[in-house]
Amino acid sequence: MTHTTSAPTLVWFRDDLRLADNPALAAALAQERPLILLYVLDEATPGLRSLGGAARWWLGRSLAALAADIERAGGSLLLRRGPADEVLRDLVREAGVVSVHWNRRYDAGAIALDRRIKAELTRAGVEVTSHSATLLHEPWTLRTKSGGPYRVFTPFYRAAAPLGPRRIVPRPEALPPGPDLPGDTLAAWHLEPAQPDWAGGLRASWQPGEAGAHEVLRGFLDHGIHGYAERRDRPDSEHTSRLSPFLRFGNLSPVQALAALHHAAEAGEALGRDVEKFRSELYWREFSYHLLFHNPDLATTNVNHRFDSFAWRDDGAFERAWRRGRTGYPIVDAGMRQLWQTGWMHNRVRMIAASFLIKHGLVDWRRGEAWFWDTLVDADPANNPASWQWVAGSGADAAPYFRIFNPMLQGEKFDPDGAYVRRFVPELAELPADVIHQPWRAKPEVLARAGVELGTGYPRPIVEHGAARERALAAYHRSGEE
DNA sequence: CGATCCTTGGC
DNA sequence: CCAAGGATC
């Protein structure tokens, strides 16, 4: 084999930062040519949404891990920055690339860019192949009997699940070296914050990359999955998978997660109900991408256009209090502070916090979506907007608008001992469980004993729940009359 | 087409 | 008890 003398194949990594189960990498390897492994930091192409701060941190860590994994296998990761079409055009010319492989993306900006690059390179005589890697099923393969895309989860799931995912592609044992090409250093991209360094909580919470993904997956299938169906809703317990950021950046594929889940189920390590529940959660991710593919402007436009005339309030003070975790509703504030500290929020609390911004504050869901986009390590172009629209009531298969979460009841139901609130809202740590979700109702001596000074220390509720609820229902009915 | 169903409640 | 209305077969 003459790897070093023949023309190279290029693998362009994007949302698939792993070596195992990577169809583009495997197909490129099978060509037995010198291999260029590329990542492009593209902050210049119009229509591509720039990563938020937390996601940039995750990307930096993932690339460091990927580069190390690649080097251990004998290859090297090339880093270049700029508009991806220009970067690829230059690199192809510079290195005499004859074949390019990548795994597909599904947001409109990326689809348009990839299509343009593919057309240009093909015209130039380069073979370009895209692969399915990031989803269990390609969105265009699922249609209702009447021919349209699914808009309700359950029929989607019933149609998709029996199809079964593609086969897992093995992890390559060795990577051939590629040509020596000039590239950027990761440090020069400044993906991790320096001044100020706000990422301490993220570093303490996560180990991005492929090895970290498998460690979390293993831990989840050994422990968290037991009782998952019931306890996944409890923010005070460790029964969620915490796989979302790994799936977002492709440190792990959903195909790998599903296969590991089935393996655990067959080995009798997990109960059917828990397995089924987690499987359906993987398919919720799938459904979000399906919605994104069929609604390219999911992050900016109401899926249900009845909401286009909704009179959102412009309330900077309310939004700031929400972002900082100072609404005076402990379960909301705990969630918002968990988000800021760790780059992640428990799913149940995401719903409560999102509902609070939208319904108690009447703030446009896009404002909340943008904040989550900037602060979540798992922020992706599908799940984030789809979930915000779900809470707002404007999305597909959405919660009805009149379903307004009661933050006290939700707190008491899902964090009954207050352990989650105590962890993230230390001002309230000494309050007894029976008042921790509504401290304003505690007797003065109880507050004093706990060292809580409402108003000066922990805030009083920014809105009264009952009044806010009535206001939201009235706004909804007004909107419906137009 | 009419029947049935629909992630995540609140009062 | 209340609260719509659309998706799907």
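In the text below, chain A, chain B and the rest are named by the order of the sequence lines, each starting its count at 1. These numbers come from the heavy atoms of this one structure, side chains and all, not from hydrogens, waters or symmetry mates.
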Are any of the side-chain nitrogens in [X] or [Y] under 4.0 Å away from the carboxylate oxygens of its partner?
X	Y	answer
A:Arg231	A:Glu238	no
A:Asp107	A:Arg49	no
A:Asp114	A:Arg14	yes
A:Glu276	A:Arg279	yes
A:Arg285	A:Glu281	no
A:Glu427	A:Arg337	yes

For the pair [X] and [Y], name the ring-plane relationship: parallel under 30°, tilted 30 to 60°, perpendicular over 60°.
X	Y	answer
A:Trp284	A:Phe153	parallel
A:Phe307	A:Phe310	parallel
A:Trp58	A:Trp206	perpendicular

Dot-bracket for DNA chain C, 5' to 3', Watson-Crick and G-U pairs with both distances under 3.5 Å, [ ] for crossing pairs, | for partner on another strand, reads ||..|||||

Ignoring backbone atoms, establish whether [X] has a side-chain N or O less than 4.0 Å from OP1 or OP2 of [N].
X	N	answer
A:Tyr150	B:dC6	no
A:Arg348	B:dT8	no
A:Gln410	B:dG10	yes
A:His465	B:dC11	yes

Mind calculating the distance between [atom1] ([X]) and [atom2] ([N]) to the nearest angstrom?
X	N	atom1	atom2	value
A:Arg231	B:dT8	CZ	C1'	18 Å
A:Phe307	C:dA4	CZ	P	12 Å
A:His437	B:dG10	NE2	P	13 Å
A:Arg234	B:dT8	CZ	C1'	15 Å
A:Glu412	B:dG10	CD	P	11 Å
A:Tyr157	B:dC5	OH	P	19 Å

Do A:Asp333 side-chain atoms and A:Arg326 backbone N/O form a donor-acceptor pair below 3.5 Å?
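Looks like yes, one N/O pair under 3.5 Å.
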
Using modelled atom types only, decide if a donor and an acceptor are shared between the side chain of A:Asn295 and the backbone of A:Leu291 within a distance under 3.5 Å.
yes

Considering every strand and a 4.0 Å limit on heavy-atom distances, what is the contact class for A:Arg469: base, sugar-phosphate, or nothing?
sugar-phosphate

Using the P atom as the reference point in each nucleotide, state the distance between C:dG6 and B:dG9 in Å, no decimals.
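Each nucleotide's P atom is 23 Å from the other's.
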
Ring centers of A:Phe372, A:Trp365 separated by less than 6.0 Å
no

Please list, one pair per line, the donor and acceptor atoms closer than 3.5 Å that link side chains of residues 465-473 of chain A to other protein atoms, with sequence neighbours excluded.
from, atom 1, to, atom 2, distance (Å)
A:His465, ND1, A:His360, NE2, 2.9
A:His465, NE2, A:Asn406, ND2, 3.4
A:Arg471, NH2, A:His360, O, 2.9

At a heavy-atom distance below 4.0 Å, what parts of [range] sit against DNA chain B?
range	answer
residues 276-289 of chain A	A:Lys277, A:Glu281, A:Trp284
residues 382-409 of chain A	A:Trp390, A:Asp397, A:Arg403, A:Ile404, A:Phe405, A:Asn406, A:Leu409
residues 413-424 of chain A	A:Lys413
residues 352-364 of chain A	none

